[in-house]
Amino acid sequence: MAALEDGVGGIATASGQAALHLAVATLMGAGSHIVASNAIYGGSHNLLQYTLPRFGIDTTFAPPRDLDAIAAAIRPTTKLIFGEVVGNPGGDVLDVPAVAELAHAHGIPLLIDSTFTTPYLFRPFHHGADLIMHSATKFLCGHGTVIGGVLTEHGRFDWKASGRFDTLAAPYCGFHGMTFDEESSQGAFLLRARREGLRDFGACMSATTAFYILQGLETLSIRMQRHQENTRKVVQFLLESDAVADISYPELEQHPDHQLAQKLLPKGAGAVFCFTLRGGREAGRAFTEGLEIFSHLANVGDAKSLVIHPASTTHYRMSDDDLLAAGINQGTIRLSIGLEDADDLLEDLSRGIHQARRVAG
Amino acid sequence: MRIKLNDADYYAYTAGHAPRRDRDTVVFVHGAGMEHSVWSHQSRYFAYHGYNIAALDLPGHRLSGGELLDDIAAMAGWLREIIARIGGRAFHLVGHSMGALVALQAAADFAPPPLQSLTLIGFSYPMSVTPRLLEAARDDPPAAYAMMTQWSHASKVGGEPVPGFWSPGMQFSMMRNSAPGAIFADLSACNAYAGGEQALARIDCPTLFLCGRLDRMAPAKSAKAHADRHANADMVFLPDCGHSLLSEAPHGVLRELTRFIERNRSA
Ligand SMILES: Cc1ncc(COP(=O)(O)O)c(C=O)c1O
């Protein structure tokens, strides 16, 4: 993974969540602060919004498109800026080079969750990121068979010059008084993450899991090509359907981040996106239940195509207003497009749309 | 530790241990565009096994102040003065690539306290630098970093011996983080160095020549030719690694270093 990302090294973790937690725990402790995009995976949002404050680490969320809001959120105690390349549900594209520049002007590292794009579509280190995390559970493994995460470091961030990182630039009693950025000038973060976080929290990857993920990596490029080709066909198909009210896919000209996506993601914007059916919750539910090839699963990045209807599953308990605040409509559907024959997928989607139309009347 | 010399302030990695006068001191000298942490898989071990260590940043490199030097004899002169300030019962000099030239030249001119051993890793003499690389080092340093990283590694992607670190990535990053002009100054110094034969002839302490069998930057056969002519030399080839053997074959390098330095420990 370090080679694919062009970094100095990496750490395999028990899950994507473990990778994020390890990054945070390595960089900071109580009294620290994070600035995060508000278009991030729900689990990451939970960790930052509800769990970490209990340990004295607060997060300010900002819309990924609003650089001024991100800048305004930075405090003297900020130790990390965090975002996803393509966020859900709106497919917001993070202007990684611009956010990196902003972060570096304040002596703060930028951590990118690159799960949806993988190194095949986007290499964050080439655009200024300092740390990258992946949920390897998704495209890297590619078959929905194991849970894992990866954390990589670029090697350019100067932890000492920043002045914000005692964990890396001062001696650590817990490991023979080691000063990590002197011990490993290029991989200080990874060294501490391994010597401390992996040891003390123990969220390491099992050898069997590593085997599955390595096997997945061998076919990553051709799988991503196929994921991307299929996705474009599906997007086009949905675009032409009058049952569909809206599609959020950054390759479409009407998407607010179209230009940015063209610049940062020339190979494609990935295989996970949301669209909204006319007819509300009932239409969404009927659509999902009408599909035969798409698996009804909350995962993404599987070889199989996956579908989820947030309003009747993951976000079932939310009121319509709360849903809207999260950018989700009652009829919003999330798809993760797999490697099947595209025509089979389109036929299946027609079946779902037929069912949705019946309940929508 | 920080060492003051002629108004500048230099850095030596000591694994957090202050040098003791009753111990042998192992001094590590890095190669072109590198810095002290290139030795991290070897230096620390000695600090925990009865030695003082000093893995230096040469002038103008990483944590050391001072001006970049583009001359091996000047670096060697600096090294002798630094060693005198570190102290110890006796000394072992270990150099890699350009650092091997510096260690060799410093050893040839060594004044008491005694030099117990000299280790030349990834050594060739002459150490001529291909014009293409030298020009890139001057005009387009990232291109030079890429060439050196590629030519220095024999290993393929995967199967890294050090968990979690990718040796080519580490080497490239080290050079990318080096001071402007460092790679050109260093390679120029290697290319211009003409004192090797004379220096080798003056060395009488035990000398280890340690090479990656697949080294393309400093071909092993050059080291072998010098070792064959040296009265007190060990010649060791490590298989399956190239010029970046410190990280490509960290365990093999450490094994040979400990074997050799232990054998030549003072008293
Ligand atoms: C973008 C993103 N980041 C992180 C995660 C968390 O990864 P894991 O499920 O491997 O803990 C997910 C999982 O859904 C994700 O989609």
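Worth saying up front: this structure is predicted, and the values here are computed from it rather than measured. Here is the naming used below: chain letters follow the sequence lines, and residue numbers restart at 1 for every chain.
Contacts between B/P168 and chain A at a heavy-atom distance below 4.5 Å are absent for every atom of the residue. Heavy atoms closer than 4.5 Å to chain B are found in both the backbone and the side chain of A/L191. For B/Y13, the part lying under 4.5 angstrom from a heavy atom of chain A is the side chain only. In this structure, chain A has a heavy atom under 4.5 Å from the side chain of B/Y11, while its backbone stays farther away. Proximity to chain B is limited to the side chain of A/M178, based on heavy atoms less than 4.5 angstrom apart. Using a 4.5 Å cut-off between heavy atoms, A/R156 touches chain B through backbone and side chain atoms alike.
Residues B/R62 and A/Q186 come closest through the heavy atom pair NH1-NE2, 4.1 Å. Taking every heavy atom of both residues into account, B/F165 and A/S184 meet most closely at CZ-OG, 4.2 Å.
Under a 3.5 Å cut-off, the side chain of B/H36 and the backbone N or O of A/E182 do form a donor-acceptor pair. A donor-acceptor distance shorter than 3.5 angstrom exists from the side chain of B/N177 to the backbone of A/G155, with no hydrogens or angles considered.
By the 6.0 Å contact criterion, OH on A/Y172 is enclosed, its count of non-hydrogen atoms from other residues, nucleotides or ligands being greater than 12. Annotation: B/D7, atom CG; neighbour count of heavy atoms from other residues, nucleotides and ligands within 6.0 Å does not exceed 12. Within 6.0 Å of CZ on B/R85 lie more than 12 heavy atoms contributed by other residues, nucleotides or ligands. Around atom CD of B/Q150, no more than 12 heavy atoms belonging to other residues, nucleotides or ligands sit under 6.0 Å away. Atom CZ of B/R2 sits in a crowded spot, with more than 12 heavy atoms from other residues, nucleotides or ligands closer than 6.0 Å. Residue B/E81 places its CD atom among more than 12 non-hydrogen atoms of other residues, nucleotides or ligands, all under 6.0 Å distant. Surrounding CG of A/L264 are more than 12 heavy atoms belonging to other residues, nucleotides or ligands, all under 6.0 Å away.
The most heavy-atom pairs under 4.5 Å with chain A, out of B/Y48, B/W166, B/F172, come from B/W166.
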